[in-house]
Amino acid sequence: MPKKKKKKKEVVETPMAIEHVFTVGDLRGKTLRGKVTTEDKSQPLLPEEEEDAFESLDEVEHPALSFANAPDDKDENVGEKEKMIRDEIVHSHQLAYEAKTAQMSGNPQQAGATMKKAIQKAQAALDSCIKESETNGNIRPSLVAATAFCLADVMTHAYGGRPPANELKVAFAVALEAIKNSGEDSRKGGKSKAYTQYGALLSMQGKPRSALASYLAAYDAAKTDYGDLHEIVEQAKYDYTGYLAKCGRSRDCVDFLLKSAKELLETANALEAEAQAKGEKGEKEEEVDAPEDAKSGDGDESGVQKLPKYNLARHFAMRNMLNAAGVLDTRGDHVESQELLADVLELAIHVHGENSRQHMNALYAIGTHCKAREAIDEAIACHEAVLNIMDATIQVYDPERLQNRVAILKDTAQLYDLRGQPEVAVDYADGACVNAQTLARIYATTENFPLASRIGMLEPFWQLLIDLKTKIGDSEGAAKALRERNKGRMNLTGVSQGHRGSRRAPASRSMGRQRR
């Protein structure tokens with residue numbers, strides 16, 4: 001009788017133990033080594049335009065529009081005229097995409113000619129909308145708004161930082177007027193979008209007072225449409241506060257973010273109390289889809305993750321405080337930033353759990369803060385903590401996580417060099433190179449990421465490795481790294497095939513669990 005084959009035992013890989021992780025207790029109420037304050041590197045105050053030069057989207061002159069006979073947005077019957085306009089919008093966007101592809105492929109003449117056609121298509125569609133509205137009043141306002149935004153988009157892409165301002169302002173004004181006349185569902189988010197894009201245009205024109213007012217109007221419109229807890233509201237807030245900092249009003253930016261964070265935390269406590277009361281009655285607590293940066297894993301089969309509303313409020317508060325801490329570090333106000341980051345770390349763990357992506361993001365932010373105040377030992381401890389969590393918890397690296405790992409390895413290499421340990425720094429720089437090359441190979445399979453961009457992406461990592469090897473007297477290693485960099489430049493993927501990594505990034509497992 002043939003011998004029965006023995007079943008192979010499944011090898012179950014035990015999770016790695018996570019080494020010391022920087023904690024809230026290491027931050028709160030402690031005086032970190034390094035500087036309490038450093039030079040204020042925030043933007044200087046921008047000169048504001050005169051009062052009579054102030055501009056508002058609500059006051060921009062534009063063709064008179066009528067929607068007296070327009071069909072309801074829920075009406076599925078689409079007339080020939082509307083179908084033609086929709087087709088022109090789609091065609092315009094397709095042409096703009098083709099122009100962008102041609103530009104990235106090194107064919108600027110073809111790109112210019114194609115983008116010109118895209119603008120002509122969009123302009124013709126908007127002219128048709130306005131004519132139909134003026135003559136018969138029977139075109140849907142939502143279609144007029146979509147056409148106006150289409151024209152603004154292709155013009156902005158075509159002209160970069162110097163778009164035709166007057167034409168764009170009219171397009172935004174037409175979009176805003178149409179949105180005001182749209183049904184509730186079609187109107188959502190439209191006003192915020194119009195005010196945001198108008199604010200960006202005024203910013204390019206050097207009109208900070210008008211731009212700030214438009215960004216604030218976008219934030220208010222978003223809150224009206226979506227309530228206090230929504231990703232679009234947070235994005236509008238980010239645009240407004242980011243521009244405050246850009247205008248040199250960094251303290252105003254911090255105060256706005258902290259006031260918002262306080263309100264969100266109060267909302268969270270109230271919502272949690274409501275949820276507990278419902279739970280006692282046997283009612284189900286309300287959950288919402290988690291925004292992308294609030295996801296802790298891959299979610300269900302559809303990729304959707306749910307989050308209680310009170311924890312969504314805490315997540316947004318955490319994000320506001322994180323942004324405020326970054327601005328404070330730029331101002332050199334490190335003590336206030338440190339206390340905020342302790343709150344951020346506590347919220348990240350409370351809402352998303354230990355060793356979550358948000359926990360790692362908080363630790364990385366603390367590491368960046370420590371570096372800014374020249375507390376190098378603490379900065380290294382934070383970066384090492386993030387890498388330790390990655391090593392122990394991540395089985396497969398998606399591009400975003402791999403990109404994060406590359407950045408952390410590079411930063412850690414630079415920190416060890418600052419501490420006077422270039423030999424250790426080489427190991428991390430080596431790992432950064434291996435992981436960056438893996439990332440470049442992934443990008444090589446995606447559209448619209450040309451060879452020049454992939455090579456440019458790798459240059460800083462190669463240069464850091466070459467410099468560090470030279471510093472420790474490893475001239476042979478530096479020469480080898482230089483050869484590998486040049487090989488990568490000649491390779492069609494922009495990546496060398498010969499470089500093999502460090503203890504921080506074994507090349508054979510650079511997309512899997514990393515062992516040290």
Side-chain angles (χ1 to χ4, degrees), residues 34-57 156 159-163 165 168-169 192-193 195-220 222 233-262 293 316-341 343-344 361-362 364-375 379 407 411 414 460:
K35 297 182 178 178
V36 173
T37 59
T38 55
E39 180 190 352
D40 185 352
K41 295 179 182 177
S42 56
Q43 293 291 324
L45 196 64
L46 287 182
E48 294 187 340
E49 67 273 29
E50 297 297 327
E51 195 68 45
D52 59 359
F54 182 84
E55 293 187 37
S56 168
L57 181 55
T156 302
Y159 294 97
R162 301 185 69 180
L168 275 180
K169 288 174 184 179
S192 179
K193 180 178 178 180
Y195 284 124
T196 297
Q197 294 191 1
Y198 185 69
L201 177 60
L202 292 170
S203 169
M204 282 189 270
Q205 290 189 295
K207 297 186 175 181
R209 181 185 294 174
S210 304
L212 274 172
S214 198
Y215 281 128
L216 186 56
Y219 173 64
D220 290 337
V233 176
E234 289 302 308
Q235 182 58 50
K237 186 193 300 176
Y238 180 81
D239 291 336
Y240 173 63
T241 53
Y243 193 63
L244 272 173
K246 188 177 178 182
C247 290
R249 294 172 57 182
S250 56
R251 187 67 241 184
D252 290 340
C253 167
V254 169
D255 291 343
F256 192 95
L257 288 166
L258 294 185
K259 180 175 180 288
S260 178
K262 183 182 177 185
D293 75 329
F316 286 149
M318 176 188 75
R319 187 197 291 179
N320 286 193
M321 288 190 282
L322 190 59
N323 289 339
V327 176
L328 285 167
D329 279 330
T330 304
R331 287 171 55 86
D333 298 336
H334 300 307
V335 173
E336 188 178 356
S337 174
Q338 178 184 327
E339 287 302 310
L340 273 182
L341 286 167
D343 292 335
V344 167
N361 289 344
Y364 185 51
I366 295 165
T368 304
H369 158 84
C370 291
K371 184 180 179 183
R373 66 188 296 177
E374 299 175 22
D411 287 353
Q414 291 170 329

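Given the structure is predicted, the values throughout are model-derived calculations rather than measurements. We use all heavy atoms of the structure for the numbers below, so side chains are in, but hydrogens, waters and symmetry mates are not. Position 1 is the first residue of the sequence, and the numbers go up from there.
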message: side-chain contact (heavy atoms from CB on, under 4.5 Å), that's the test. Do Leu45 and Arg249 meet it? Break it down for me.
response: CA-CA 7 Å; Leu45 196 64; Arg249 294 172 57 182; 3.7 Å; yes

task: Walk me through it: do Asn320 and Glu234 pass the test side-chain contact (heavy atoms from CB on, under 4.5 Å)?
output: CA-CA 9 Å; Asn320 286 193; Glu234 289 302 308; 2.9 Å; yes

Can you see which heavy atom on [X] is nearest to which on [Y], and at what distance?
X: Val233; Y: Ala222; result: CG2-O, 3.5 Å
X: Leu201; Y: Pro163; result: CD1-CG, 3.9 Å
X: Cys253; Y: Val327; result: SG-CG2, 3.9 Å

To the nearest 0.5 Å, what is the distance between [atom1] on [X] and [atom2] on [Y]?
X: Phe54; Y: Ser210; atom1: CZ; atom2: OG; value: 5.0 Å
X: Glu336; Y: Leu258; atom1: CD; atom2: CG; value: 6.5 Å
X: Lys169; Y: Leu57; atom1: NZ; atom2: CG; value: 10.0 Å
X: Leu328; Y: His334; atom1: CG; atom2: NE2; value: 9.5 Å
X: His369; Y: Gln338; atom1: NE2; atom2: CD; value: 5.0 Å
X: Leu322; Y: Leu341; atom1: CG; atom2: CG; value: 6.5 Å

So do the side chains of [X] and [Y] get within less than 4.5 Å of each other, counting heavy atoms only?
X: Pro208; Y: Glu49; value: yes
X: Arg373; Y: Ser337; value: no
X: Leu212; Y: Leu216; value: no

Extract all donor-acceptor atom pairs below 3.5 Å that involve side chains of residues 239-246 and protein atoms in other chains or at least two apart in sequence.
residue, atom, partner, partner atom, Å
Asp239, OD1, Gln235, NE2, 3.1
Thr241, OG1, Lys237, O, 2.8
Thr241, OG1, Tyr238, O, 3.4

message: Listing request: all salt bridge (Lys or Arg N to Asp or Glu O under 4.0 Å) pairs with a residue in residues 203-216, at least two apart in sequence or in separate chains.
response: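 Those involving residues 203-216 are Glu48-Arg209, Glu51-Arg209, Glu55-Lys207.
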
query: Is there a side-chain contact (heavy atoms from CB on, under 4.5 Å) between Gln197 and Thr156 once you walk through the steps?
result: CA-CA 10 Å; Gln197 294 191 1; Thr156 302; 6.0 Å; no

- request: Not counting sequence neighbours, which residues clear ring pair (Phe, Tyr, Trp, His ring centres under 6.0 Å) with Tyr219? List them please.
  value: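 Per chain and number, Tyr219 pairs via ring pair (Phe, Tyr, Trp, His ring centres under 6.0 Å) with Phe256.
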
task: Using distance alone, with no hydrogens and no angle criterion, decide if Tyr364 and Asp411 have a side-chain donor and acceptor under 3.5 Å apart.
output: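 Asp411 and Tyr364 do have a side-chain donor-acceptor pair below 3.5 Å.
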
- request: Just do the salt bridge (charged side-chain N to carboxylate O under 4.0 Å, His left out) check on Asp255 and Arg251 with the steps written out, would you?
  value: CA-CA 6 Å; Asp255 291 343; Arg251 187 67 241 184; 3.0 Å; yes

